[in-house]
Amino acid sequence: MTTPNKTPPGADPKQLERTGTVREIGSQAVWSLSSCKPGFGVDQLRDDNLETYWQSDGSQPHLVNIQFRRKTTVKTLCIYADYKSDESYTPSKISVRVGNNFHNLQEIRYFIMENFRYTEKLKELN
């Protein structure tokens with residue numbers, strides 16, 4: 001089990017991308033969700049607006065699948081969540097799994113999310 005590294009206020013991923021510290025590669029992937037309420041899907045999850053978000057619908061586990069077209073190295077995963085704003089939909093556990101297809105995924109990291117209100121930067125995914 002790994003503890004997430006909290007990005008200090010002011011060190012948001014977009015700023016880190018502008019300075020060349022990180023590179024956003026999510027646009028190179030196909031995103032899918034296990035479920036979502038109408039108007040709260042992938043587009044809202046990825047739109048860079050902190051006022052919009054993904055809202056799951058249905059039984060657990062709730063999954064976000066990110067599939068790259070070719071083998072891709074991901075070194076850092078950043079997630080923004082606001083526990084105080086909506087604790088019932090804020091993740092408490094995150095499992096990061098990798099594989100060649102959906103049927104051979106293996107868990108490489110497991111995170112317990114604390115009550116937070118800023119970006120969680122999940123490192124060391126190699």
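From a predicted model like this one, the values you see are computed outputs, not experimental measurements. When reading the values below, keep in mind they use all heavy atoms of this one structure, side chains included, and skip hydrogens, waters and symmetry mates.
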Show the numbers, then the answer: is there a side chain to side chain contact (heavy atoms under 4.5 Å, CB included) between Leu33 and Leu63? CA-CA 6 Å; Leu33 305 169; Leu63 305 173; over 6 Å; no

Name all residues meeting the side chain to side chain contact (heavy atoms under 4.5 Å, CB included) criterion together with Ser32; count only those two or more places apart in sequence or in a different chain, and write none if there are none. Asn65

Hydrophobic cluster membership, with links at side-chain heavy-atom distances under 4.5 Å among I/L/V/M/F/W/Y: are Val98 and Ile79 in one? yes

Can you tell me how far apart CZ (Arg23) and NZ (Lys75) are? Round to the nearest 0.5 Å. 10.5 Å

For the CG atom of Leu45 and the OG1 atom of Thr52, what is their distance to the nearest 0.5 Å? 8.5 Å

When you look at Phe40 and Asp57, which way does the side chain to side chain contact (heavy atoms under 4.5 Å, CB included) test go after all the steps? CA-CA 10 Å; Phe40 295 92; Asp57 190 22; over 6 Å; no

Side-chain donor/acceptor of Trp54 to backbone N/O of Ser35, under 3.5 Å: yes

Determine which pairs satisfy salt bridge (Lys or Arg N to Asp or Glu O under 4.0 Å) with at least one residue from residues 41-51, sequence neighbours left out, and list them in order. Lys14-Asp48, Glu24-Arg46

Going by side-chain hydrogen bond (donor to acceptor under 3.5 Å, both in side chains), name the residues that satisfy it together with Arg70, two or more places apart in sequence or in a different chain. none

Taken in chain and number order and not counting sequence neighbours, the residues that satisfy side chain to side chain contact (heavy atoms under 4.5 Å, CB included) with Arg69 are Val30

Residues in side-chain hydrogen bond (donor to acceptor under 3.5 Å, both in side chains) with Ser27, at least two apart? none

Give every residue pair that meets the side-chain hydrogen bond (donor to acceptor under 3.5 Å, both in side chains) criterion with at least one member in residues 93-102, sequence neighbours excluded. Ser95-Arg97, Ser95-Glu107

